[in-house]
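Input: a single structure, listed below in structure tokens.
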Amino acid sequence: MLHESYPAVPAAFEGDFVRITHVETYRVPLPGAHPPFSWRRGLLGSAPDGEAAGLRIGTDEGVEGVALTTRPGMAAAIEDLTDRVLRTELVGADPRQREYLWHRVWELDRTEEMPLPALGLVDVALWDLAGRAVGRPTWQLLGGFRTKIAAYASTVTFADVAEYLDVADQCLALGYQAVKLHAWGDARADADLCAKLREHVGDGVPLMYDGSAGFDLPDAIYLGRALADAGYLWYEEPMREFSVTAYGHLARAVDIPLLVAETSDGAHMNTADFIVAGAATFGVRASASTRGGITGAMRTAHLADAFRLRAEVLGDEMASRHLCMAISNTTYYESLITSNPVPKKPEVDAYGYVHAPIGAGIALPAGLDYPDALLPYVDLSA
């Protein structure tokens, strides 16, 4: 249960307040990637055609907020969770009390054991609602630090060294200002690829490597030393993030800075353990989908800032654009490159920058076959 200092019903609820009147879920057709793409050995590749989960929260004043998760399997999970738990919890509450409702979702997680994307979905919808209520983009409500940010090309797994070099050339020609590799999950082969990419692009291009949790500690150390020799900017998630101790050993054994705490449960609370253990030598991940929504991502960023670390925003979802504009201690916007030839992404300009959203709230990504009820909330800026 909540700490006794948290009232069961906040005092602010006792007077005049806006009420949540409805909480609705939607199954949105989600086409699989065409062409399909791969991740490292041992992982599944891109998902086939499926369904995304849409959430819409409405109020008695007519203002609504929406959120979407595209994680496979989430459409049925969010529908069930809303019908059993969330609708009863949210209807009648004040949507402006995002902090209280964030705590309530975390309390419910104790027995529900929600998937990570579900933990933040209500919070994203409430932040979208907040922006729409005042007619401003959500990043401005969060404080606003910048109006544009450099994008890096984040590859999927390609066939061989030659294809990676070709993809990197295309990305740089499109304006991307850095490149991050997801490779094969073979420490020796990946180390060779990383060295050859550095030689190919020269010392002036920032390069990063993401291991997608493919290694044990000995192989992670071997690869980390190779990345340091090649002058890579950061080394991300080489091991599963269950053992903070193992990451502490890795940080002490390699010279390359580590970017950690992406998929581990517990939002900023778990992130703090990585920082205190000395494992976050570059920084930590901030994400609406894996760190408990906008609120959890901002908590994580502020925590990292207190230790003078970076909080790098994960992924190219709509919420990530807002976080990138609001978080002072983030470096890049992550733009996923899933195919060769490399297509131009509409949100990345010719100089490799992503600009701040200008519409109210957060919005839903364009390009999906939404039901009519969600069409007014689709981003039309591209």
Side-chain angles (χ1 to χ4, degrees), residues 37-40 43 45-46 149-161 163-187 189-215 220 223-224 226-239 241 254 256-263 280-287 289-290 310-317 320-321 323-324 330-340 342-343 345 347-348 352-354:
F37 61 84
S38 299
W39 294 113
R40 67 160 174 85
L43 298 183
S46 56
I149 191 168
Y152 70 86
S154 182
T155 76
V156 294
T157 301
F158 292 105
D160 52 36
V161 170
E163 186 171 20
Y164 273 105
L165 300 187
D166 177 38
V167 167
D169 286 343
Q170 293 179 60
C171 291
L172 295 174
L174 287 170
Y176 285 101
Q177 298 190 27
V179 177
K180 187 179 80 175
L181 298 177
H182 293 86
W184 305 296
D186 179 316
D190 288 9
D192 179 65
L193 166 65
C194 291
K196 287 177 177 173
L197 180 61
R198 169 56 72 206
E199 181 180 3
H200 183 73
V201 301
D203 293 336
V205 178
L207 298 176
M208 301 84 90
Y209 173 89
D210 187 331
S212 300
F215 307 107
L223 181 53
L227 293 171
D229 290 342
Y232 275 54
L233 180 63
W234 77 58
Y235 184 21
E236 183 176 347
E237 199 195 3
M239 303 178 289
E241 293 178 333
V254 299
I256 184 168
L258 303 182
L259 180 65
V260 298
E262 174 183 327
T263 61
T281 47
F282 186 89
V284 298
R285 273 301 197 184
S287 165
S289 61
T290 65
R310 306 287 174 88
E312 297 298 333
V313 176
L314 173 70
D316 50 9
E317 59 192 27
S320 296
R321 301 184 201 177
L323 290 172
C324 279
T330 199
T331 314
Y332 293 108
Y333 172 87
E334 181 174 24
S335 180
L336 189 62
I337 305 301
T338 63
S339 63
N340 183 18
V342 178
K345 295 286 189 77
E347 69 271 20
V348 181
Y353 285 99
V354 173

Pair R310-T331, side-chain donor/acceptor within less than 3.5 Å: yes
For Y332, ring-ring contact (aromatic ring centres under 6.0 Å, His included) partners two or more places apart: Y152
E237: which residues meet the salt bridge (charged side-chain N to carboxylate O under 4.0 Å, His left out) condition with it, sequence neighbours left out? none
What residues, two or more places apart in sequence or in another chain, satisfy salt bridge (charged side-chain N to carboxylate O under 4.0 Å, His left out) together with E317? none
Y235: partners by side chain to side chain donor-acceptor pair (under 3.5 Å), with sequence neighbours left out: none
Between E241 and R285, does any side-chain N to carboxylate O distance fall below 4.0 Å? no
Taking only residues two or more places apart in sequence, or in another chain, which ones meet E312 in a salt bridge (charged side-chain N to carboxylate O under 4.0 Å, His left out)? none
Could you list the residues that satisfy ring-ring contact (aromatic ring centres under 6.0 Å, His included) with F158, not counting sequence neighbours? Y164
Using distance only, find each side-chain donor-acceptor pair of residues 199-206 under 3.5 Å and give its atom names and separation, not counting sequence neighbours.
residue: H200; atom: NE2; partner: D169; partner atom: OD1; Å: 2.9
residue: H200; atom: NE2; partner: D169; partner atom: OD2; Å: 3.0

Quick one: side chain to side chain donor-acceptor pair (under 3.5 Å) partners of W234, sequence neighbours excluded? E236
I'd like to know if the side chain of S46 and the backbone of F37 have a donor-acceptor N/O pair within less than 3.5 Å. yes
Identify, with sequence neighbours excluded, every residue that meets side chain to side chain donor-acceptor pair (under 3.5 Å) alongside D160. none
Can you tell me how far CG of D190 sits from CG of L223, rounded to the nearest 0.5 angstrom? 6.0 Å
Got a sec, which residues hit side chain to side chain contact (heavy atoms under 4.5 Å, CB included) with T281, two or more places apart in sequence or on another chain? A251, P257, L258
Apply side chain to side chain donor-acceptor pair (under 3.5 Å) to N340 and list each qualifying residue two or more places apart in sequence or on a separate chain. E163, D166, Q170
Does T155 use its side chain to pair, donor to acceptor, with the backbone of I337 at less than 3.5 Å? no
Presence of salt bridge, D316 and K345, under 4.0 angstrom: yes
Those residues that, when tested against A168, pass side chain to side chain contact (heavy atoms under 4.5 Å, CB included) (two or more places apart): L197
